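Each remark here refers to the structure printed beneath this line.
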Amino acid sequence: MDRDRTRISLRIRHPSRPAAELCEALPFAPGRTWDVGAPRTSPKGMPLPGCNADTYATFPLSEGTGWPAEAVAAAAERVAPHGERFLAWRAEGGTVAFFVGWFMAGGNSGDLFEPGLLARLGALGVGLSLDIYAGADEEQ
């Protein structure tokens, strides 16, 4: 039986800080970023209507097979040294979350995010966003 895959990114939104400042504050390689007030663009750089309502930065953290809750726990350990910074950004109106892409190999699947893990995320100021892709194949 094929195993489920997960892809986890740290996703930060902030109402006023520039993306460069968020990126410099963390030791992770950034993915997509934009600044509040800058013209909107698609992921491929094509212009979109309007301006960005907030600053945005993503940081890819992990990708692999296995249980999503285990991958989230490992990601929480990676970001744990930055929890105070995350809480400060949240106090300024920002959001910090793990964006978890859960690619199911087929059929029914599930996982349990135990209260201890959820409490750990809460203590770090990290939300949990799950995107579930049922019947996903290895090409995604």
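Note that the structure is a prediction, hence the values are computed from the model and not measured.
Of all the heavy atoms in Ala76 and Leu121, the pair that sits closest is CB-CD2, 3.9 Å. The nearest pair of heavy atoms linking Ser9 to Pro60 is OG-CA, 3.6 Å. Shortest non-hydrogen contact noted between Ala73 and Leu117 is CA-CD1, 3.7 Å.
Every side chain to side chain contact (heavy atoms under 4.5 Å, CB included) that Glu21 has, sequence neighbours left out, goes to Arg17, Pro18.
One hydrophobic cluster, built from ILVMFWY side chains closer than 4.5 Å, holds both Leu10 and Leu118. At a threshold of 4.5 Å between side-chain heavy atoms, the hydrophobic network of Ile, Leu, Val, Met, Phe, Trp and Tyr places Leu130 and Val126 in one connected group. Cluster membership for Phe28 and Leu22, using ILVMFWY side-chain heavy atoms within less than 4.5 angstrom, is shared. Grouping the Ile, Leu, Val, Met, Phe, Trp and Tyr side chains by contacts below 4.5 angstrom, directly or via other members, places Leu128 with Trp89.
Note that CE of Met104 is 9.5 Å distant from CG of Asp111, once rounded to the nearest 0.5 Å. Taking CZ of Phe103 as the start and CD of Glu63 as the end, the distance is 7.0 Å to the nearest 0.5 Å. Note that the CZ atom of Arg85 and the CG atom of Leu26 stand 6.0 Å from one another [nearest 0.5 Å]. The CD atom of Glu84 sits 10.5 Å away from atom CG of Leu124, with the distance rounded to the nearest 0.5 Å. Taking CG of Asp54 as the reference point, atom CD1 of Ile12 lies at 12.0 Å (rounded to 0.5 Å). The distance from the CZ atom of Arg13 to the OG1 atom of Thr55 is 10.5 Å, given to the nearest 0.5 Å.
With contacts defined as side-chain heavy-atom distances shorter than 4.5 Å, the pair Phe59/Val79 does not qualify.
Side chain of Arg11 to backbone of Phe99: no donor-acceptor contact under 3.5 angstrom is found. Side chain of Arg78 to main chain of Leu61: a donor-acceptor pair is present (N/O by atom type, distance under 3.5 Å, no hydrogens or angles).
For residues 26-53, the set of pairs meeting the side chain to side chain donor-acceptor pair (under 3.5 Å) definition, not counting sequence neighbours, is empty.
Ring pair Phe113/Trp102 is perpendicular by interplanar angle, where above 60° counts as perpendicular and below 30° as parallel.
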